[in-house]
Number of protein chains: 2
Amino acid sequence: MESERIILALAALAQPTRLDCFRLLVKHEPDGLPAGEIAAALAVPHNTMSAHLAVLARAGLVRSRRESRSIIYRADLAVLQQMTLFLLKDCCGGRPEVCAPVIDSLTPCCPPAKEKRRVRSRV
Amino acid sequence: MESERIILALAALAQPTRLDCFRLLVKHEPDGLPAGEIAAALAVPHNTMSAHLAVLARAGLVRSRRESRSIIYRADLAVLQQMTLFLLKDCCGGRPEVCAPVIDSLTPCCPPAKEKRRVRSRV
DNA sequence: TCCATATGTCCAGACTTATCGACATATTGG
DNA sequence: CCAATATGTCGATAAGTCTGGACATATGGA
């Protein structure tokens, strides 16, 4: 079942430290952050942070690469995308009118991203 | 912190029975389902289901109304909307190009969202 | 090689969650 | 009022998660 992966991602984010960690990494998206800086920024012991990072990695929400002595973590938005898509896909089971407002409220979040289609001024 | 509500919703959905339950209720969106039918549909003892429904309700993901002997549950998409918005809002912290693909991939899910309020394709 | 730095792993105790039998509550009909 | 139905609550056990001290591994420099 595909939902197992979704549950893994939901459970990974359903924890304060991990949610903060993920958000922090998203904020540093192109570059990423070394594990030590993440632990310091969130005021969490390094081993605790390490365990949380492992959970996030297992859920596919973050990726890591070694860089000299540090290990740099980056957020991976693909799973988040799948998760959102999964939850909204279900809501669209034949009834687009149900989730249309959700999509609608989401769109103004990234207005300048689209060029082919104009975003209505609904803010 | 607003994230507490988000975590409550994430944790509520991060459990197979509850995720299935929520999806089931979304599928029956306008009408809802009585607790007994939910338990039967998911092959879960009624008291176990009752506990799960309480968790979903506490997270604001479902609402209930009494109808004679039955209690009808309905999915409430508002929290789901806030959750998605919250996760994507963070990803838009100054860099719309990061989450634009996510929004992009979501849009085809509900194409009629282009229309302002005239969604009326009755099934 | 030895040491300092950066991170990961192991483990065990504290805490939280899931499950279901038994009982309680609410509604309807006889 | 009593019985049947529908659902909720309690309590105890089992299972899972969070946390941080102690130890292990990997990298780079002296």
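Letters A, B, ... are given to chains in the order of the sequence lines, protein chains preceding strands, and every chain is numbered from 1. Note that the structure is a prediction, hence the values are computed from the model and not measured.
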Which whole-number value in Å describes the distance from [X] [atom1] to [N] [atom2]?
{"X": "B/I71", "N": "D/dG8", "atom1": "CD1", "atom2": "C1'", "answer": "8 Å"}
{"X": "B/R65", "N": "D/dG8", "atom1": "CZ", "atom2": "P", "answer": "14 Å"}
{"X": "B/I7", "N": "D/dT17", "atom1": "CD1", "atom2": "P", "answer": "16 Å"}
{"X": "A/L56", "N": "C/dG8", "atom1": "CG", "atom2": "P", "answer": "12 Å"}
{"X": "A/Q15", "N": "D/dG16", "atom1": "CD", "atom2": "C1'", "answer": "14 Å"}

CZ (B/R63) with more than 12 external heavy atoms under 6.0 Å: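 Open: at most 12 neighbouring heavy atoms sit under 6.0 Å from CZ of B/R63.
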Among B/L13, B/L61, B/L53, B/L33, the one residue meeting side chain to side chain contact (heavy atoms under 4.5 Å, CB included) with B/C21: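 For B/C21, the side chain to side chain contact (heavy atoms under 4.5 Å, CB included) check succeeds only for B/L53.
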Any A/S70 side-chain nitrogen or oxygen under 4.0 Å from OP1 or OP2 of C/dT7: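 Yes, A/S70 has a side-chain N/O under 4.0 Å of OP1/OP2 on C/dT7.
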Distance test, side-chain N/O of B/Y73 to OP1/OP2 of D/dA6, below 4.0 Å: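 Result: no.
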Upstream residue (5' side of DNA chain D) when A/A11 and B/I72 are each assigned their closest nucleotide: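 Checking each residue's closest nucleotide, the 5'-ward one belongs to B/I72.
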Nucleotide N/O of nucleotides 11-13 of chain D paired with protein N/O under 3.5 Å:
none

Per-nucleotide protein contact string for nucleotides 25-30 of chain C, where B marks a base within reach and S marks sugar-phosphate only (heavy atoms under 4.0 Å, - for neither): -SBS--
Interface residues of residues 37-54 of chain B with DNA chain D (non-hydrogen, below 4.0 angstrom):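 Those residues whose heavy atoms fall under 4.0 Å from DNA chain D, taken from residues 37-54 of chain B in numerical order, are B/H46, B/N47, B/S50.
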